[in-house]
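Bear in mind that the values here come from a model prediction, so they are computed numbers and not experimental data. Heavy-atom basis, side chains included; hydrogens, waters and symmetry copies ignored. Protein chains get the first letters and strands the later ones, always in sequence-line order, with residue 1 at the start of each.
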Amino acid sequence: MSQDTIRIATWNVNSIKARLPRVVEWLSEASPDVVLLQELKCVDEAFPYMEIEDLGYNVAVKGQKTYNGVAILSKHPIDVDMTELPGDESDEQARYIEAFTAGIRIGGLYLPNGNPVEDGQHPKFLYKLGWMDRLITRAQELLETEEAFVLAGDYNICPTDDDVYDAKAFANDALCRPESRGRYRALCNLGLTDAYRVLNPEPHTYSFWDYQGGAWSRDMGVRIDHLLLSPQAADRLVASSIDRGPRGKEKASDHTPVWCELRTA
DNA sequence: ATGGTAGTCTCACTA
């Protein structure tokens, strides 16, 4: 007996233009229902709509020149609700897109890296923390609907020391700082579930490996790409995994896809 | 080892 499910994936591609062959290849073989992309590094008009739509996906893009940029791909129609995270009119970075598709609400996000931390007062670090506060507020609003939703993307957060290859070396990194982790925990403590971790308890499995220093071949990575599920979505969770395949290819992104599978009802 | 690599309107910045 089979049951209806949808698979939702997140992947920071580090330039959709440079990564297009890898993305087309992976979509063709993995065929997820919904895909959240980050770091497009292109404006809306430069997105390769045709190549993606030819694979059977609808596309919603929030792009930006050179930096950032997020997209939602879906085999179902996409009803876009917002293309920026509420709470700061002056924030012009393309890091958030939220839509209803495939019967579920989905927020795709590219959370600021936040380095350098310096004394904890560097503008890049403070921007990260402020952005996380706004994400917590948005999650609270979504939770009031009591509906299934997914907030997924590149969180630029290692939730615990089990999610980084060298905890000591990263102790003062914005990915691991207590201010960053505290806000991630606050988000989870609202009632959101880390889809990968709840089904995969073994420590030291990663979603990002730096291009430098042979990090991939030495498995020196961090787990920073997450799918957080509302209680109603978590009740439907049947599987979640990290697909390491794309990271080992030529001209790979430094991130690899993470996905979860939810029952549709 | 103040390095290393990749991407982008590059000689600088972001990650």
**Request:** For the pair Ser31(A) (side chain) and Ser28(A) (backbone), establish whether a donor and an acceptor sit closer than 3.5 Å, ignoring hydrogens and angles.
**Result:** no
**Prompt:** For Pro86(A), does its backbone N or O pair with a side-chain atom of Arg134(A) as donor and acceptor, under 3.5 Å?
**Reply:** yes
**Request:** Taking only the side-chain nitrogens and oxygens of Arg19(A), find out if one of them lies under 4.0 Å from OP1 or OP2 of dA6(B).
**Result:**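 No, Arg19(A) has no side-chain N/O under 4.0 Å of OP1/OP2 on dA6(B).
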**Per Lys124(A) side chain, nearest of listed nucleotides dT5(B), dT14(B), dT8(B)** =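 Closest nucleotide to the Lys124(A) side chain: dT14(B).
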**Fill in**
Across all chains, not counting sequence neighbours, the side-chain hydrogen bond (donor to acceptor under 3.5 Å, both in side chains) partners of Lys62(A) are none
**Item:** Residues that Asn68(A) engages under side-chain hydrogen bond (donor to acceptor under 3.5 Å, both in side chains), provided they are two or more places apart
**Value:**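 For Asn68(A), the residues satisfying side-chain hydrogen bond (donor to acceptor under 3.5 Å, both in side chains) (neighbours in sequence not counted) are Gln64(A), Gln93(A), Arg95(A).
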When the [atom1] atoms of [M] and [N] are compared, how many Å lie between them, rounded to an integer?
N	M	atom1	result
dT14(B)	dT10(B)	P	15 Å
dC11(B)	dA1(B)	P	32 Å
dG4(B)	dC9(B)	P	25 Å

**Request:** Go through the steps for Asp254(A) and Arg247(A) under the test salt bridge (Lys or Arg N to Asp or Glu O under 4.0 Å), then give the verdict.
**Result:** CA-CA 7 Å; Asp254(A) 39 10; Arg247(A) 185 61 182 85; over 6 Å; no
**Fill in**
The answer to which of Ala18(A) and Asp154(A) contacts DNA chain B further toward the 5' end, by nearest nucleotide, is Ala18(A)
**5' precedence on DNA chain B between Gln212(A) and Asn115(A) (nearest-nucleotide basis)** = Gln212(A)
**Prompt:** Contacts to DNA chain B from residues 157-173 of chain A, heavy-atom cutoff under 4.0 Å, which residues?
**Reply:** none
**Asked** Heavy atom of residues 60-71 of chain A under 4.0 Å from DNA chain B: which residues?
**Response**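 Contacts with DNA chain B under 4.0 Å: Lys65(A), Thr66(A), Tyr67(A).
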**Whichever hydrophobic residues join Phe100(A) through chains of side-chain contacts under 4.5 Å** =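 Via sub-4.5 Å side-chain contacts, Phe100(A) links to none.
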For atom [atom1] of [X] and atom [atom2] of [N], their distance in whole Å:
X	N	atom1	atom2	value
His255(A)	dG7(B)	NE2	P	13 Å
Asp254(A)	dT14(B)	CG	P	16 Å
Glu250(A)	dG7(B)	CD	P	11 Å
Lys41(A)	dT10(B)	NZ	C1'	13 Å
Asn12(A)	dT8(B)	CG	C1'	15 Å
Tyr211(A)	dG4(B)	OH	P	18 Å
Lys251(A)	dG7(B)	NZ	C1'	8 Å
Arg218(A)	dT5(B)	CZ	C1'	14 Å

**Check: Leu151(A) and Leu192(A) side chains under 4.5 Å, non-hydrogen atoms** = yes
**Message:** For Asp44(A) and Lys65(A): C-alpha separation, side-chain torsions, deciding distance, then whether salt bridge (Lys or Arg N to Asp or Glu O under 4.0 Å) applies.
**Reply:** CA-CA 9 Å; Asp44(A) 291 9; Lys65(A) 184 178 165 183; over 6 Å; no
**Request:** Pick base, sugar-phosphate or nothing for Phe208(A), based on heavy-atom distances below 4.0 Å to the nucleic acid.
**Result:**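 Touches nothing.
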**Request:** Just call it for Arg95(A): base, sugar-phosphate, or nothing, with non-hydrogen atoms closer than 4.0 Å on any strand.
**Result:**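 Sugar-phosphate contact only.
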Going by atom type alone, with no hydrogens or angles, which donor-acceptor pairs under 3.5 Å involve a side-chain atom of residues 224-233 of chain A and a protein atom two or more places apart or on another chain?
residue	atom	partner	partner atom	Å
Asp225(A)	OD1	His255(A)	ND1	3.3
Asp225(A)	OD2	Ser207(A)	OG	2.7
Asp225(A)	OD2	His255(A)	ND1	2.9
His226(A)	ND1	Arg223(A)	NH1	3.4
His226(A)	NE2	Ile157(A)	O	2.9
Ser230(A)	OG	Glu147(A)	O	3.1
Ser230(A)	OG	Phe149(A)	N	2.9
Ser230(A)	OG	Gln232(A)	OE1	3.4
Ser230(A)	OG	Ala233(A)	N	3.3
Gln232(A)	NE2	Glu146(A)	O	3.3

**Item:** Aromatic centroids of Trp11(A) and Trp26(A) separated by under 6.0 Å
**Value:** yes
